[in-house]
Amino acid sequence: MISVYIKKLKESATIPTRATDTDAGYDLYADQQGLIPAGERTIVGTSIAVAIPPGYYGRVAPRSGLAVKKGIDVLAGVVDSGYRGEVGVVLQNLSKEDFVFEKGDRVAQLILEQCFSIGWVEL
């Protein structure tokens, strides 16, 4: 197990959770309500900041249910280990209907992945 420090930027923020111990992703929760018009995108605030350890990054990934049922996808899904600001979720509404989300809704998932430093060798 890897320890990741997390800070609530507002008292209303929800710490990411997993439904089961075997899930790869930790659900990220909206800390605001809003509407994404059909074909548009927006940033949804989570009001959390994380300190991902060096050698890892957080991948913000779509939730299967939102993708299949509502046509909601995630863009710009990398949280670098050096980033300490609020984790925002860029949601894209690919459907022909407006998408309404409420404070406390699960809007994406955060997956911790290992990454490696590269020593480029020019030829």
Side-chain angles (χ1 to χ4, degrees):
M1 179 185 297
I2 296 170
S3 294
V4 177
Y5 294 103
I6 188 165
K7 180 179 182 179
K8 286 184 172 185
L9 302 175
K10 295 180 183 174
E11 187 59 37
S12 57
T14 303
I15 301 293
T17 62
R18 294 188 298 180
T20 71
D21 290 343
T22 58
D23 289 351
Y26 288 77
D27 289 326
L28 292 172
Y29 296 83
D31 195 41
Q32 64 186 81
Q33 61 182 21
L35 178 139
I36 308 171
E40 298 293 321
R41 66 182 172 271
T42 194
I43 298 175
V44 178
T46 63
S47 295
I48 60 166
V50 294
I52 295 174
Y56 294 86
Y57 75 98
R59 181 166 58 90
V60 180
R63 295 195 68 246
S64 302
L66 284 181
V68 171
K69 296 173 187 171
K70 301 290 185 179
I72 302 299
D73 199 4
V74 171
L75 303 175
V78 171
V79 180
D80 291 313
S81 64
Y83 179 70
R84 294 297 181 264
E86 179 181 5
V87 175
V89 178
V90 181
L91 292 183
Q92 171 78 45
N93 183 352
L94 300 173
S95 76
K96 295 178 182 176
E97 297 179 11
D98 293 348
F99 175 70
V100 176
F101 60 92
E102 300 295 331
K103 188 174 187 172
D105 283 354
R106 297 176 295 163
V107 292
Q109 54 186 325
L110 183 66
I111 302 169
L112 195 66
E113 296 183 347
Q114 191 171 16
C115 59
F116 301 92
S117 293
I118 297 172
W120 296 105
V121 179
E122 187 174 353
L123 300 176

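Below, all heavy atoms of this structure are taken into account, side chains as well, without hydrogens, waters or symmetry copies.
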Review point. Where do Arg63 and Val107 land on the side-chain contact (heavy atoms from CB on, under 4.5 Å) test, with the steps shown first?
Key: CA-CA 7 Å; Arg63 295 195 68 246; Val107 292; 6.0 Å; no

Check your understanding: Taking side chain as C-beta onward, heavy atoms only, is Ile72 less than 4.5 Å from Asn93?
Key -> yes

**Study point:** Shortest non-hydrogen contact between Ala30 and Glu102, atoms and distance
**Key:** CB-O, 3.8 Å

Point to revise | CD/Glu97: more than 12 non-hydrogen atoms of other groups inside 6.0 Å | key: no

Check your understanding: Short question: side chain of Gln114, backbone of Gly55 - any donor-acceptor pair under 3.5 Å?
Key -> no

Review point. With a 4.5 Å heavy-atom cut-off, do Leu28 and Val44 have their side chains touching?
Key: no

Review point. Looking at residues at least two apart in the chain, or sitting in another chain, which of them share a side-chain contact (heavy atoms from CB on, under 4.5 Å) with Ile118?
Key: Trp120

Review point. When you look at Asp27 and Arg106, which way does the salt bridge (Lys or Arg N to Asp or Glu O under 4.0 Å) test go after all the steps?
Key: CA-CA 6 Å; Asp27 289 326; Arg106 297 176 295 163; 3.3 Å; yes

Practice item. Indicate, with yes or no, if Ile43 and Leu94 share a hydrophobic cluster defined by side-chain heavy-atom contacts under 4.5 Å among Ile, Leu, Val, Met, Phe, Trp and Tyr. Key: no

Exercise for review: With the side chain counted from C-beta on, respond yes when Leu66 and Phe99 share a heavy-atom pair under 4.5 Å apart, and no when they do not.
Suggested key: yes

Study note, to complete from the structure: Between the NZ atom in Lys70 and the CG atom in Asp98, the distance rounded to the nearest 0.5 Å is 11.5 Å

Review point. Are side-chain heavy atoms of Lys8 and Ser47 found at a separation under 4.5 Å?
Key: no

Practice item. Compare all side-chain heavy atoms of Val87 with those of Pro16 and state whether any distance is below 4.5 angstrom. Key: no

Check your understanding: Roughly how far apart are Glu86 CD and Thr46 OG1, rounded to 0.5 Å?
Key -> 5.0 Å

Review point. Quick one: does Val78's side chain get under 4.5 Å of Arg59's, heavy atoms only?
Key: no

Check your understanding: Tyr57 and Leu75: same hydrophobic cluster, using ILVMFWY side-chain contacts below 4.5 Å?
Key -> no

Check your understanding: Linking I/L/V/M/F/W/Y whenever their side-chain heavy atoms sit closer than 4.5 Å, directly or via other members, would Ile6 and Val89 fall into one cluster?
Key -> yes

Review point. If you group Ile, Leu, Val, Met, Phe, Trp and Tyr by side-chain heavy-atom gaps below 4.5 Å, do Tyr56 and Tyr83 land in one group?
Key: yes

Review point. If every non-hydrogen atom of Ala13 is compared with every non-hydrogen atom of Asp31, which pair is closest and at what distance?
Key: N-OD1, 3.7 Å

Exercise for review: Find out if a path of hydrophobic residues (ILVMFWY) with successive side-chain heavy-atom gaps under 4.5 Å connects Tyr29 to Leu9.
Suggested key: no

**Study point:** Note, Val60 side chain near Leu110 side chain (heavy atom, < 4.5 Å)
**Key:** yes

Review point. Taking side chain as C-beta onward, heavy atoms only, is Val74 less than 4.5 Å from Leu91?
Key: yes

**Study point:** Under 3.5 Å donor-acceptor, Ser95 side chain and Gly71 backbone
**Key:** no

Point to revise | Approximate separation, where rounding is to 0.5 Å, of Tyr5 OH and Ile52 CD1 | key: 14.0 Å

Review point. Can you tell me if Gln109 uses its side chain to pair, donor with acceptor, with the backbone of Pro62 under 3.5 Å?
Key: yes

Review point. Pro53 and Ser81: which non-hydrogen atoms are nearest, and at how many Å?
Key: O-CB, 3.5 Å

